[in-house]
Number of protein chains: 2
Amino acid sequence: MVLSTIYKRKMDKPQAGDRQQPSAKAEAIVAAAMREFLAHSYAATSMDRVAKAAGLSKATVYSYFENKEELFSTSIERFAKEKYAAVFNPTGDRPWEGEPRVVLRRIVSNFLEMAAGDPQLQDFMRSMMGESKRFPILAQVYVRYIAKPVLETIAGYLASHRSLPIADPEATARIILGSMVYFHLLQEVMHGKDILPMERDRLVNSLVDLVRAPLRTSFK
Amino acid sequence: MVLSTIYKRKMDKPQAGDRQQPSAKAEAIVAAAMREFLAHSYAATSMDRVAKAAGLSKATVYSYFENKEELFSTSIERFAKEKYAAVFNPTGDRPWEGEPRVVLRRIVSNFLEMAAGDPQLQDFMRSMMGESKRFPILAQVYVRYIAKPVLETIAGYLASHRSLPIADPEATARIILGSMVYFHLLQEVMHGKDILPMERDRLVNSLVDLVRAPLRTSFK
DNA sequence: GTCTATACATCGATAGAC
DNA sequence: GTCTATCGATGTATAGAC
């Protein structure tokens, strides 16, 4: 079930067309809530704060959303789907064209650079992880709309280039995405870059080596 | 600076020996706080709840710890250091002995199995990530006391077996640990195992392939 | 030293004026 | 429809009794 469909239902004579055309005011509330929730976490964000950020009174906010939990779910789900487009469509017009090693380098490099420079994405990861117990369905929105399509795209690419030495494309996609995300989590989200410094290119190089041409020398 | 050294200082005549020998009551408070904070997150855990779980009054808790933030930091830091021992010393008496592919398989397999069966570890990851903005120093405790030694151990192992086809042991250690942790985050923490099912062994096999002997067949 | 009782603030949510 | 004002609950932290 899509969370954004459970907007508050008014009891008195709902007009036809209400559902397909959310008001501009509801949009402003969601936009403000998105910013505030991401910046200060669910618990530390008061409804007064959201109302003020939206330029409305708290009562008005409550006339559009049933309660705090629904507003949070709606806002974060919206962000997840918008952000997914950014992650999924890397910069550059034809990111998936070219020689496989070049493509993989471009994809990984773009992701790491984009993630490191996007504080909102770091806050989003914090929210997702931190609230995944209280809002399990929201965590699954992340899995379904971000992780799953990205994994499928990578796995599909690996599988469609049979010349690559990849025995299990789906598992290899997990390795590639997992390495990137955990690198981002350690360096940026967990503030580890001063404690565990590492140039992005070293990770990129080692990941590209996953699809390296087999060596000709024998050893062991 | 180690957080656990900033226990509340009494203003009246501090006795020598107080710092090296925390009272049994302080230990009980930390133990109770650890359970409650991990189970319900920082914001959702009240000091009343901690006090009740410790079998003491709230005023007594405040006589041992300056405030909620200090108690949280102390408790989570304690958990991080205790848990580190469990992650770092996998079950089995000699986990690092044997043929490299066998060793790697054992290490990865043990980690994934242990992580999936430990709800407290999942809660710990949620807390670390979720509170990494409000408590950046605590996130760095995770980096310093868990991620760093694990990465160094893996990298050291890879580096000391020069026959392995590993160009950059430190970056490869990031790939191995990142793949394991993100797998755990997706499947368990983010409740993704029903949406993105995958047998652990498929990830294990693909990771072990990282140190595979180079193929003899040429292609492309 | 430990407890009970309470001060003080904040928050989610709503009633009622306009 | 939107606002102001407020209610009731809860939470942190402390004063004061014992």
Side-chain angles (χ1 to χ4, degrees), chain A residues 6-19 21-33 36-37 39-76 131 134-135, chain B residues 6-19 21-33 36-37 39-76 131 134-135:
Chain A
I6 55 172
Y7 271 44
K8 183 172 189 175
R9 304 280 173 83
K10 297 304 195 56
M11 288 307 156
D12 46 2
K13 302 173 186 168
Q15 301 288 337
D18 272 3
R19 285 164 222 175
Q21 177 113 17
S23 77
K25 216 155 274 187
E27 293 300 313
I29 295 172
V30 169
E36 297 299 319
F37 281 131
H40 311 108
S41 87
Y42 174 76
T45 301
S46 67
M47 293 296 266
D48 289 272
R49 188 170 206 152
V50 172
K52 180 158 292 185
L56 297 168
S57 76
K58 193 163 58 169
T60 301
V61 173
Y62 274 98
S63 75
Y64 285 90
F65 296 90
E66 190 72 34
N67 50 37
K68 188 183 178 183
E69 293 192 2
E70 189 210 325
L71 178 56
F72 178 72
S73 294
T74 303
S75 306
I76 297 296
E131 307 299 340
R134 192 205 281 250
F135 298 92
Chain B
I6 56 171
Y7 271 44
K8 183 172 187 175
R9 304 279 173 82
K10 296 304 193 56
M11 288 308 156
D12 45 4
K13 301 174 189 170
Q15 302 286 339
D18 271 3
R19 285 163 220 173
Q21 176 112 20
S23 75
K25 216 156 274 185
E27 293 300 313
I29 294 171
V30 169
E36 298 299 320
F37 280 131
H40 310 107
S41 87
Y42 174 76
T45 301
S46 67
M47 292 296 266
D48 289 271
R49 189 169 205 150
V50 172
K52 181 157 290 182
L56 297 167
S57 76
K58 193 164 56 170
T60 302
V61 173
Y62 273 99
S63 74
Y64 284 91
F65 296 90
E66 190 72 34
N67 51 36
K68 188 183 178 183
E69 292 192 4
E70 189 208 325
L71 178 55
F72 178 71
S73 294
T74 303
S75 305
I76 297 295
E131 306 299 339
R134 193 205 279 249
F135 298 91

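Per chain, numbering begins at 1; letters A, B, ... match sequence-line order.
Atom C1' of nucleotide C/dT14 and atom NZ of A/K68 are separated by 17 Å, given to the nearest angstrom. If you measure from atom NZ of A/K52 to atom P of D/dT2, you get 19 Å, rounded to the nearest angstrom. As a whole-Å value, the separation of A/H40 NE2 from C/dC11 P is 12 Å. With rounding to whole Å, B/E36 atom CD is found 12 Å from D/dG11 atom P. One atom, CG of B/L56, and another, P of C/dT4, lie 11 Å apart when rounded to the nearest Å. Per the geometry, CE belonging to B/M47 stands 16 Å off C1' belonging to C/dT2, to the nearest Å. Distance CZ (A/F65) to C1' (C/dT14): 18 Å, rounded to an integer number of Å. When the P atom of D/dG11 is taken as reference, atom CZ of B/F72 falls 17 Å away, rounded to whole Å.
Listed here is the closest heavy atom pair of B/T45 and B/K68: O-NZ, 3.0 Å. Between A/A32 and A/V50, the closest heavy-atom pair is CB-O, 4.1 Å.
For C/dG1, the base has no donor-acceptor partner in the side chain of B/K25 [N/O atoms by modelled type, under 3.5 angstrom].
The side chain of B/A59 lies closest to C/dC3, out of C/dG12, D/dA13, C/dC3. Of the listed nucleotides (C/dC11, D/dA13, D/dT2), D/dA13 has the atom at the smallest distance from the side chain of B/N67. If you check D/dT12, C/dC3, D/dC3 against the side chain of B/D48, the one that comes closest is D/dT12. Counting only heavy atoms from C-beta on, B/Y62 has its side chain closest to D/dA13 among C/dG12, D/dC3, D/dA13.
Here B/S57 lies in heavy-atom contact (under 4.0 Å) with a base.
Taking the side chain as every heavy atom from C-beta outward, A/V30 and A/F65 approach each other to under 4.5 Å. The shortest side-chain heavy-atom distance between B/F37 and B/L71 falls under the 4.5 Å cut-off.
Contact annotation: A/Y64 side-chain N/O to D/dT2 OP1/OP2 distance is under 4.0 Å.
Residues satisfying the salt bridge (Lys or Arg N to Asp or Glu O under 4.0 Å) criterion with A/E131, sequence neighbours excluded, are absent altogether.
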